[in-house]
Chemist: 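Sharing a structure below in structure tokens format, with a few things to ask.
Any value given below was found using the heavy atoms of this structure, including those in side chains, with hydrogens, waters and symmetry copies removed. All values derive from a computational prediction rather than experimental measurement.
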There are 2 protein chains.
Amino acid sequence: MKINEHYLELEDSYLFSTVARKQREYQQAHPEKKVIRLSIGDVTLPLAPVVIKAMEDAVKEMGSKATFRGYGPEQGYDFLREAVQAYYQGHGVSLDVDEIFISDGAKSDLGNLLDIFSLDNTVMIPNPVYPVYQDTNIMLGRQVIYAEAGEENGFLPLPDPAVKADIVYLCSPNNPTGAVYSREQLAAWVDYAKKNDAVILYDAAYECFIRDDETPHSIFEIEGAKECAIEVCSFSKTAGFTGTRCGYTVVPMALVSGGTPLNHLWLRRQTTKFNGVPYIVQRGAAAVFTEEGQMQVREAVDYYRENAKIMVDGMKKMGIWFTGGVNSPYIWMKCPGGRTSWEFFDYLLENAGVVGTPGSGFGRNGEGYFRLTAFGDQAETREAMERMIALLS
Amino acid sequence: MKINEHYLELEDSYLFSTVARKQREYQQAHPEKKVIRLSIGDVTLPLAPVVIKAMEDAVKEMGSKATFRGYGPEQGYDFLREAVQAYYQGHGVSLDVDEIFISDGAKSDLGNLLDIFSLDNTVMIPNPVYPVYQDTNIMLGRQVIYAEAGEENGFLPLPDPAVKADIVYLCSPNNPTGAVYSREQLAAWVDYAKKNDAVILYDAAYECFIRDDETPHSIFEIEGAKECAIEVCSFSKTAGFTGTRCGYTVVPMALVSGGTPLNHLWLRRQTTKFNGVPYIVQRGAAAVFTEEGQMQVREAVDYYRENAKIMVDGMKKMGIWFTGGVNSPYIWMKCPGGRTSWEFFDYLLENAGVVGTPGSGFGRNGEGYFRLTAFGDQAETREAMERMIALLS
């Protein structure tokens, strides 16, 4: 047999393993120093009490013949799809339950969605961005072009009418830059997609960090988006589900190509290649949307948002250029002193005992930048900022 | 954008929806009749007490900051991979932990594994068989050829040296036929694969039904199989995880193509397109491998095996040709009176109130055959057999 040769074109990803190795080596050389990690995009607060209660109940159900659940619908139980539907309605977006697919997380669906598109589509990916978009397309041998992000556009690239793409990835609030598209900017992308018969794959995994009234939580708040966009969302950052695994993807019925609703293709893909999310997990996810659940997860997000604010204040004090930190758990800062991303990583670790993520790991336009995350402990985040201010002011 | 046109080549799958509709219509017309379903391949017994206890404990861990788990390793936690490793050792198969990947079930992996192979491989699929093998390959536009199964080979096709395939699917104990390959037959397939530089995708989802000492539980019990096979297994039928979602896939390091270990490709695929199985579920799955867990899940499998025996005895009494039912939860019977699969379905429903699955739904060689499953209630299974004996003897 022959292997898929496109896998050999992938660059080995050493970003987080190198970060971990350098941290470990530093700690071994300086056992007395307390290293603070603001590097990883993983949550640290536990699941909300309503989620725990719902999962405890569901586990009990699975232990009794009368309430046991076997195979569920691949696209998710209606109790959860209806809860997602009501959540969207809260943002003014009306969806049919059949437009909502429950998944085991945004990462899976962002890659798997590519299955339903022709291999000869051209894909546009922001640079820098979450590396999964690029890697999943390289694996399929697709042509990838970039939407160039940088300081000049606030790391929020807008469509270039002269460039033709068939599939466009957008991520807002953005990982890694924390930049968030406004309603007008998203409208420009929807307009581009409709003019070019392109589809937008909209990654809204961080939407719960948005707290102002003007910024859209969903691309479907933009008129016409249902005819050109698929939205992928997750409970990972909203409700601390990074190790519990649940998300949802919206494929509107109005999104049609050559007479075929993409919704039907995705349904066929999911019923053929996926067997649904654990019943127990879906019960936990549904609890997130109860009134009590919304209060509890909001409290956790508030905690992370306060961390972000501590970092924003620190950046302003140091006079360092940055984006993010508002409506987002990420701070994307320019490396002081003209350092490269890795030079600044080493400098910060050695002189302040703070670990972040080199921006160059997210694409070439990330070189010279650095990502800090708001998912850490609050006292440690405060201490990290004090150390950085002492070092860099 | 253009869609993946291969999706339009898929036949719509009406098998189980038509079965359900006909059953519903019959019940509405005859509300006084008790219909017995022996049609669906889903378990009915609850999860084992040790599994429930392990998941309850894990849910508690997720509710406390000190014990909370965020992102885990995509390929699964070592505590579960090591338990799988020990289980294989029990069948005399030595594996490295790195050869074991925890998944959300056999269905996902059987489809996703195709990602790592070139599109121009020729695929050989038994006929009849679990339809997912064929559909996932049609979705990719791959050339599919068939290993013809029938009464003459006991629905256990052997390799034809004149036919060249690159990827070969085997499923043993088989769904839908219940037929099980012997050691010698599997050795013939391993020999074929090695001679043809082919890879065997071995679906062992029903291995726990095997109880005699001669029949291999794993293809890796065959010498040389590590150089030519990937094995996909599941907790669905072993431990009632159809709604809890966990499985495991073994990609041996010795399986190499053009110098590239397929294990590395699969690791790259999984780390890029998957984010692991819920921690809670992995704890539940690990409990299956404890001494107590093995006793408890064996009890459930014994219950289903007894159902199978009741059906085997019934078939013998009626003098109907069948395969399966030994080392397998499926009975694959020839439709009496030369009826087609759907003719017999209607006849059995109308005259005995028993629902099965038409064999033609699993491929053209399934025409004229019928599948009954052992996953039902025991008293109902007994009653169904009595009704069939009364009708068909």
Chemist: Between chain A and each of B/T272, B/V277, B/V132, count heavy-atom pairs under 4.5 Å; write down the option with the most.
Modeler: B/T272
Chemist: Over all heavy atoms of both residues, which pair between B/A106 and B/S234 is shortest? Give the atoms and the distance, please.
Modeler: CB-CB, 4.0 Å
Chemist: For A/D42, which atoms come within 4.5 Å of any heavy atom of chain B: side chain, backbone, both, or neither?
Modeler: both
Chemist: Which answer fits A/D197, side chain, backbone, both or neither, if we ask what part of it has an atom under 4.5 Å from a heavy atom of chain B?
Modeler: both
Chemist: Could A/R268 and B/Y7 be counted as a cation-pi pair, given that NZ or CZ must be under 6.0 Å from the ring centre and within 45° of the axis?
Modeler: no
Chemist: Mind checking the CD-CG spacing from A/E5 to B/L119? Nearest 0.5 Å is all I need.
Modeler: 12.0 Å
Chemist: For B/Y130 and B/Y133, take the angle between the two ring planes, folded into 0 to 90°, and tell me which bin it lands in: parallel under 30, tilted 30 to 60, perpendicular over 60.
Modeler: perpendicular
Chemist: Between A/M62 and chain B, with a heavy-atom cut-off of 4.5 Å, which part of the residue counts as in contact: side chain, backbone, both or neither?
Modeler: both
Chemist: Count the heavy-atom pairs under 4.5 Å between each of B/T67, B/T260, B/T242 and chain A, then report the option with the highest count.
Modeler: B/T242
Chemist: Between B/T244, B/I116, B/D120, B/V199, which shows the greatest number of heavy-atom pairs under 4.5 Å with chain A?
Modeler: B/I116
Chemist: Name the member of B/H264, B/K60, B/R269 that forms the most heavy-atom pairs with chain A at distances under 4.5 Å.
Modeler: B/R269
Chemist: Where on A/L140 is there a heavy atom nearer than 4.5 Å to chain B: the side chain, the backbone, both, or neither?
Modeler: neither
Chemist: Determine, stepwise, if the pair B/E56 / B/R283 fulfils salt bridge (Lys or Arg N to Asp or Glu O under 4.0 Å).
Modeler: CA-CA 9 Å; B/E56 280 174 349; B/R283 279 291 178 199; over 6 Å; no
Chemist: Taking every non-hydrogen pair under 4.5 Å, which of B/M1, B/K65, B/M139 racks up the most with chain A?
Modeler: B/M1
Chemist: Kindly determine whether B/Y279 and B/Y77 satisfy ring pair (Phe, Tyr, Trp, His ring centres under 6.0 Å), including the steps that lead there.
Modeler: CA-CA 8 Å; B/Y279 172 68; B/Y77 280 103; 5.4 Å; yes
